[in-house]
Each structure stands twice: as C-alpha cells, then as structure tokens.
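Atoms within a ligand are numbered from 1 in the order they appear, just like the ligands themselves. From a predicted model like this one, the values you see are computed outputs, not experimental measurements.
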Amino acid sequence: MNIRFLGAHNCERQNQKLVSLLIDDVLAIDAGSITPSLSLEEQKKIKALLLTHQHYDHVRDIPVLGMSLFMGGAAIRIYSIPPTLDALARHFLSDEIYTDFRQKPEQNPTLSFTVLEPNKAETIEGYTVLPVPVHHGVPAVGYQVTSADGRSVFYTGDTGPGLADCWRQVSPQLLIIEVTSSDRYAEWAGSSGHLAPSLLKQELASFKKVNGYLPPVVAVHMSPDLEEEIAAELAAVAKELDCSITLAKEGMEISI
Ligand SMILES: [Zn+2]
Ligand SMILES: [Zn+2]
C-alpha cells in the first residue's frame, strides 16, 4: 500500500496545503488539496473519496473536483457519515454556490454520495474501510483502510484527546494522526478537538496499552507557523516513547 500526502497542514501557504491523502492512486481521504496536487489524469484515477468530517479544510476541493471530473468525463463516489454528507449537500452542492454535480450529467452523475455507518466496515474499491468515531467539534470519524494483502493504515482526521475506544478497534501498521499545535497551545488544542505533542504522547501511551505495540507515526494537520516547535516537541516524544514520529510534508510518500 502506497500513501501519498497531497496536503499535510491546517492552513494554506505557497508551499503548504490542506490535508489530503491518496492511497494507491485510487482512494483519497479528505479533500483539502486534491485538485491543486494532481494532474487531470491522476484525478480521474481516483475512484473513491472518504471524508472524515465537514470542516472546510477537509472538503474544500469537492466542487472544483466535480467540475474537473465532469469536464474529464469521469465520476467519483464520496463516502462519509450522514452529518458530513448532509452539510455538503446543504452548502456546497446546493446549486447555489456552484453546480450540483450529483445531478450532472443525468445518466452518470460526476459525484455520488454513499453513507457510512460508524464502526461498520465496508468494502470500497477492494479495501476494507472502517470508520471509527473520534472527538472533534463536529461529528467526525477516522478511517482504518486495509488492503487485500492485509496492510493497514489508520488516519484519525481531526481529533482531540480520548482515543482509547478508538484504539480498541484498530491495529494498523502505520498511524497518521493530527498534531495541530505546539504545546504552548495544548490547552486550546485539547478543548477544541485537536492535539498537541504532549497530548499525542498520552494518546500513543494509550495505544500501546490497548494494542501492545506502537506503529510508526506520521503527524499531519500542523499549523505552519508552529511547525518548528511541533517538530522539536515531537522529536522529544518519539525519544521518550522509543517510537518513530515523522512530520508529513506535501508530496511525501510512504509504502507499508
Ligand atoms: Zn476539523
Ligand atoms: Zn482540519
């Protein structure tokens, strides 16, 4: 399984993009920066898009992706929990801000929605996809994606502390988890449904207690202005827990 980080941040700058992951070219998770990162041919290869939650930085590209695929004669299926799909239908695909590509073209619409039930695994494009609820300001899920050959990645999406229940349901070979702020803002992070390095440390300790091991960890959703502090603090956490923690970068790829 190959995981490509199209975007790895919570704010956009010239060299930093909003969070999006691409698995084996066919399965995308979150839509912060799909279209500015991929050629049309690459966009057309994506068959499924999983959304963790409705926040703008995770869904922004959907109308533009709709237009791009419509012009390119391709279609994509979007999967998420009901609150996320409802918010998208109300605000992004209502024919008010932009075309509702769920209706165009009539015969084979460019975008279509499939509802996922939390904690219920589904087979999507040959992968077993398990949506697991996490704590955030709006209903949100992380996804464990398991390939046919048994390789698994878990991506939390945006989440605050308290992942013990989540850890009981997953056993990935790679953990992609958000670390939005540095420890200077840990209190804000925890109360607003995000993580900082000291909070991550507690969650990783909890993972190890539940699962008996720690997979390599990749941090995403960093605030660009705090990234140096976050990197230094994560290096200390990695040393203390004797595990690997990498900060994702735009364009980075990992094979598991
Ligand atoms: Zn969010
Ligand atoms: Zn976010």
* **Short side-chain donor-acceptor distance under 3.5 Å, His221 and Asp57** =>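 There is such a pair (donor and acceptor under 3.5 Å, judged by atom type) between the side chains of Asp57 and His221.
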* To do: With the Zn ion (ligand 1) at the centre, find the angle made by OD2 from Asp158 and NE2 from His53, to 10°.
  =>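 Taking the Zn ion (ligand 1) as the apex, I get 90° for this pair.
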* Taking both backbone and side chain into account, is any N, O or S atom of His55 nearer than 2.8 Å to the Zn ion (ligand 2)? ->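 No, since none of the N, O or S atoms of His55 sits under 2.8 Å from the Zn ion (ligand 2).
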* Got an N, O or S from Glu178 under 2.8 Å of the Zn ion (ligand 2)? ->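 Not a single backbone or side-chain N, O or S atom of Glu178 is under 2.8 Å from the Zn ion (ligand 2).
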* Hey, which of Ile245, Val153, Leu204, Val170 is the one that makes side chain to side chain contact (heavy atoms under 4.5 Å, CB included) with Leu175? ->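 With Leu175 as partner, Ile245, Val153, Leu204, Val170 yield a single side chain to side chain contact (heavy atoms under 4.5 Å, CB included), made by Leu204.
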* Arg77/Glu125 ion pair, N-O < 4.0 Å ->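 So Arg77 does not pair with Glu125 through a salt bridge.
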* Could Asp149 and Arg151 be called an ion pair, given the rule that one side-chain N must be under 4.0 Å from one carboxylate O? ->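 Arg151 and Asp149: not salt-bridged.
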* Report the name of the N/O/S atom of His58 located nearest to the Zn ion (ligand 2). =>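 The closest N, O or S atom of His58 to the Zn ion (ligand 2) is NE2.
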* Among the N/O/S atoms of Asp57, select the one at the shortest distance from the Zn ion (ligand 2) and name it. =>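 Relative to the Zn ion (ligand 2), the closest nitrogen, oxygen or sulfur of Asp57 carries the name OD2.
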* Would you kindly check if the NZ (Lys) or CZ (Arg) of Lys208 is within the cone defined by 45 degrees around the ring axis of Tyr213 and under 6.0 Å from the six-membered ring centre? =>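 No cation-pi geometry.
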